[in-house]
Amino acid sequence: RLPRWSGWGRSTSPVERPAPPEAGTLRPLGCWKTEWNWDEYISMPKGHLVCVELASAEIGDSDLGLFLAHLDAVLRRHTDRNGGKYCLSMDLSCNRYISDDGVQQHLAPFLRAWPKCHRLRLYKTSIGGLALDALTGWIAGGHAHELHCSDLGAEVTDGTVLRLLAEVQRRAKYPYRSSDGSRMALWLCLEHNGIPGTEKLVSRAKSQGISLAVVQRPDVGSG
């Protein structure tokens, strides 16, 4: 099967979305910090893997652009030393000042230039459907293994999700091959986004020939 995601149906408890910044706050700037040591958020634990750990760093859209420019330079040096090989894992979660604008203007172009990002965490940010639309081409390209986009602060419609699934199906890059040769599905986590009519959406997707499986939280890790 192609895309899998956990628990995007109705929740028994109220959905808690990240509170959007109030008017007049420094949304484009994010945190109050004027200088960042971006290298503190980048590690290279083994092999060709490059990890970004910016969860809860209070960065905003402009900060994201500055960081990705720095990461671009880091990756150029890294690939020069490693015969062009690299693999990214990026955690940008829990940053309420990252919005659709930051993804459209900075993250999506960066991933077009450096597409081999196997894990991307964007949950509990202020992004929504516009960001997912901007990332659809990269996602469908087959490099993503896990995409975590739960508890988003802006609207995600059923149309956005259906366009994403249809493009993944059309490009036919999934299932991908894991390091041990196993065939693996794209893991797409979209829970707690208030997507209306999810049962009908799944039916529409399957009627269009899209191969998918919906996984609820109790099923995760059950084998």
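Keep in mind it's a predicted model, so treat the numbers as computed, not measured.
Side-chain contact between S93 and K124 is absent, with no heavy atoms from C-beta onward closer than 4.5 Å. Side chains of H148 and W187 form a contact here, defined as non-hydrogen atoms less than 4.5 Å apart. Side-chain contact between Q169 and S211 is present, with heavy atoms from C-beta onward closer than 4.5 Å. A heavy-atom distance below 4.5 Å is found between the side chains of L88 and L75. Taking the side chain as every heavy atom from C-beta outward, Q208 and L162 approach each other to under 4.5 Å. Counting heavy atoms from C-beta outward, E191 and S150 have side chains that approach closer than 4.5 Å. Inter-residue side-chain proximity for C117 and S89 is flagged as unmet; no heavy-atom pair is nearer than 4.5 Å. Using a 4.5 Å heavy-atom threshold, the side chains of L107 and L92 count as touching.
Note that CZ of R204 and NZ of K200 are 10.0 Å apart. Values are rounded to the nearest 0.5 Å. Atom CD1 of residue I127 and atom CZ of residue R96 lie 16.0 Å apart, to the nearest 0.5 angstrom. To the nearest 0.5 Å, atoms CH2 (W38) and CG (L66) are separated by 6.5 Å. Between the CD1 atom in I98 and the CD atom in E58 there is a gap of 11.5 Å [rounded to 0.5 Å]. The CG atom of L152 sits 9.0 Å away from the OG atom of S126 when rounded to the nearest 0.5 Å. Separation of atoms CG (L122) and CG (L132) is listed at 8.5 Å; rounding is to 0.5 Å.
When atom types are taken as modelled, the side chain of N193 and the backbone of V156 share no donor-acceptor pair closer than 3.5 angstrom. The backbone N or O of T125 lies less than 3.5 Å from no partner atom in the side chain of N95, so there is not a single donor-acceptor pair. The main-chain N or O of T79 is never found under 3.5 Å from a side-chain atom of N82 such that the two would form a donor-acceptor pair.
Residues passing the ring pair (Phe, Tyr, Trp, His ring centres under 6.0 Å) test with Y123, sequence neighbours excluded: none. Applying the ring pair (Phe, Tyr, Trp, His ring centres under 6.0 Å) test to H145 and every residue at least two apart in sequence or in another chain returns H118, Y176. Qualifying salt bridge (Lys or Arg N to Asp or Glu O under 4.0 Å) partners for D101, counting only residues two or more places apart in sequence or in other chains: none. For E146, the salt bridge (Lys or Arg N to Asp or Glu O under 4.0 Å) partners two or more places apart in sequence, or in a different chain, are R119. R112 is linked by a salt bridge (Lys or Arg N to Asp or Glu O under 4.0 Å) to nothing, counting only residues two or more places apart in sequence or in another chain.
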field: Residue pair I195, T157: steps toward the side chain to side chain contact (heavy atoms under 4.5 Å, CB included) verdict
entry: CA-CA 6 Å; I195 301 170; T157 67; over 6 Å; no
- prompt: Could you walk me through whether M44 and V74 pass the side chain to side chain contact (heavy atoms under 4.5 Å, CB included) check?
  reply: CA-CA 11 Å; M44 300 177 189; V74 170; 3.5 Å; yes
message: Would I59 and F67 count as a side chain to side chain contact (heavy atoms under 4.5 Å, CB included) here? Give the steps.
response: CA-CA 9 Å; I59 66 168; F67 170 75; 5.7 Å; no
message: For L120 and L111: C-alpha separation, side-chain torsions, deciding distance, then whether side chain to side chain contact (heavy atoms under 4.5 Å, CB included) applies.
response: CA-CA 11 Å; L120 178 60; L111 289 172; 4.1 Å; yes
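The aromatic ring centres of W114 and Y86 sit less than 6.0 Å apart.
Minimum heavy-atom separation, D39 to H70: OD1-NE2, 2.7 Å. Closest approach of Q104 and A134 over heavy atoms only: CG-CB, 3.9 Å. Nearest heavy-atom pair, P115 versus H143, reported as atom, atom and distance to 0.1 Å: O-CB, 3.0 Å. Taking all atoms of both residues into account, the shortest heavy-atom contact from A144 to W138 is CB-CH2, 3.7 Å. Closest approach of A185 to P175, counting heavy atoms only: N-CB, 4.4 Å. Nearest approach of P196 to D158, heavy atoms of both residues: O-CB, 4.2 Å.
Taking 4.0 Å as the cut-off between side-chain N and carboxylate O, E167 and R171 count as a salt-bridged pair. The pair R76-D72 counts as a salt bridge, with a side-chain nitrogen and a carboxylate oxygen less than 4.0 angstrom apart.
Using modelled atom types, one finds a donor on one side chain and an acceptor on the other under 3.5 Å when comparing D61 with S99.
The salt bridge (Lys or Arg N to Asp or Glu O under 4.0 Å) analysis of residues 85-94, with sequence neighbours excluded, yields the pairs D91-R121.
One hydrophobic cluster holds both V168 and I210 under the rule that ILVMFWY side chains link at heavy-atom gaps under 4.5 Å. No single ILVMFWY cluster, assembled from side-chain heavy atoms under 4.5 Å apart, contains both L49 and L71. In the hydrophobic cluster analysis, where Ile, Leu, Val, Met, Phe, Trp and Tyr join through side-chain heavy atoms closer than 4.5 angstrom, L54 is grouped together with I42.
Shown are L165, V161, V214; of these, the side chain to side chain contact (heavy atoms under 4.5 Å, CB included) with L201 is made only by V161.
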